[in-house]
2 protein chains.
Amino acid sequence: MKEETDILYYMGNQNENQLNEIFHALADPTRREIIHMMAQKERTVSELAEPFDMSLAAISKHIKVLERANLVKRNITGRTHICSINAESLSRASEWLRFYEKFWSNRFDILESELLKAKNREH
Amino acid sequence: MKEETDILYYMGNQNENQLNEIFHALADPTRREIIHMMAQKERTVSELAEPFDMSLAAISKHIKVLERANLVKRNITGRTHICSINAESLSRASEWLRFYEKFWSNRFDILESELLKAKNREH
DNA sequence: ATATCATTTAACTATATGGTTGAATATGAA
DNA sequence: TTCATATTCAACCATATAGTTAAATGATAT
């Protein structure tokens, strides 16, 4: 039986796969910079490519990785593709992290209160 | 000149490298499960390896990746290595994500209030 | 119709990753 | 000392990743 605290159970497997892709997408500094650019406003592919010393094809691939992770959505109008952040995926990763941050710090709170109780019993 | 909103500037380069490693470490489901186990209590390497259908050496490598990302710290006592979460790195990644979550949703708030103003002017 | 612009696709390369097995290291116990 | 335990290290393999260049697709503009 899984415990209530088992985030893996709570989240299910599809979500697990999505986390793989989200974190993998975020692990590349070029892709994070792309997200940074999109955070301010939507951008076309060539706008996103401009600051990088890298082929358009390479950026195209990076965007695809972000898309696969659902971090970016693309709006095709004519020949230009306009990319924007999908914050839902950002928050999925964010939630995962906050869960463990909190879990771990709770552990210390509990530890601390146990120590306190023990200390009180000494007297 | 960088803007105040430029988290990359604010964070510096060392931090950037750490983010690469943190997100990369988190992109693997085995490593996330290892973190999950450690969230409850500290664990030895073999304890961490036990639930996986994988060699100890493989888990040893996974732990090393987590260590390199500063997500895990190791306490060697005799021949057993006790691993625990280092929440500081978790929160570094968490901060990064929250920054962009917030940034993006602010963007919509601003957009919305602009639309509202525009609407009011119509009357 | 043709040239140009925005972007993707395909084929290829080098390197990184995640796993394996077998040997090495180092501590603990008999 | 000898044997077992906990863990790492080294060499290897298959696959994935991040980049390249050149060609293909598809929409605009002339």
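The sequence lines fix the lettering, A, B, ..., with proteins before strands; numbering per chain opens at 1.
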(message) In this structure, how many angstroms lie between the P atom of C:dT25 and the NE2 atom of B:H81, rounded?
(response) 15 Å
(request) Starting at atom CZ of A:R74, determine the distance to atom P of C:dA6, rounded to an integer number of angstrom. (result) 15 Å
(request) Send over the distance from B:R43 CZ to D:dT7 P, rounded to a whole Å. (result) 13 Å
(request) Run the ring-centre check on A:Y100 versus B:H36 and record whether the distance is less than 6.0 Å. (result) yes
(request) Could you check how far CD1 of B:I34 sits from C1' of C:dG19, rounded to whole Å? (result) 13 Å
(request) Kindly indicate whether the side chain of A:I82, heavy atoms from C-beta on, has any atom under 4.5 Å from the side chain of A:R43. (result) no
(message) Run B:I35 and B:L66 through side chain to side chain contact (heavy atoms under 4.5 Å, CB included) and show every step you take.
(response) CA-CA 9 Å; B:I35 288 180; B:L66 290 165; 3.9 Å; yes
(request) Would you mind reading off the distance between A:I76 atom CD1 and C:dT8 atom C1', rounded to a whole angstrom? (result) 10 Å
(request) Round to the nearest Å and state the distance from B:R79 atom CZ to C:dT27 atom P. (result) 11 Å
(message) Each nucleotide in nucleotides 9-24 of chain D should get exactly one letter: B, S or -. Can you fill that in based on protein heavy atoms under 4.0 Å?
(response) B-------SSBBB---
(request) Rounded off to whole Å, could you give me the CG-to-P distance for the B:N75 and D:dA6 pair? (result) 17 Å
(message) Rounded to whole Å, please give me the gap between CG in B:N20 and P in C:dA16.
(response) 13 Å
(request) Decide whether B:N70 and B:R92 meet the rule of one side-chain donor and one side-chain acceptor closer than 3.5 Å. (result) no
(request) Kindly indicate whether the side chain of B:K73, heavy atoms from C-beta on, has any atom under 4.5 Å from the side chain of B:C83. (result) no
(message) Taking the side chain as everything from C-beta on, heavy atoms only, tell me whether A:W104 gets closer than 4.5 Å to B:S84.
(response) yes
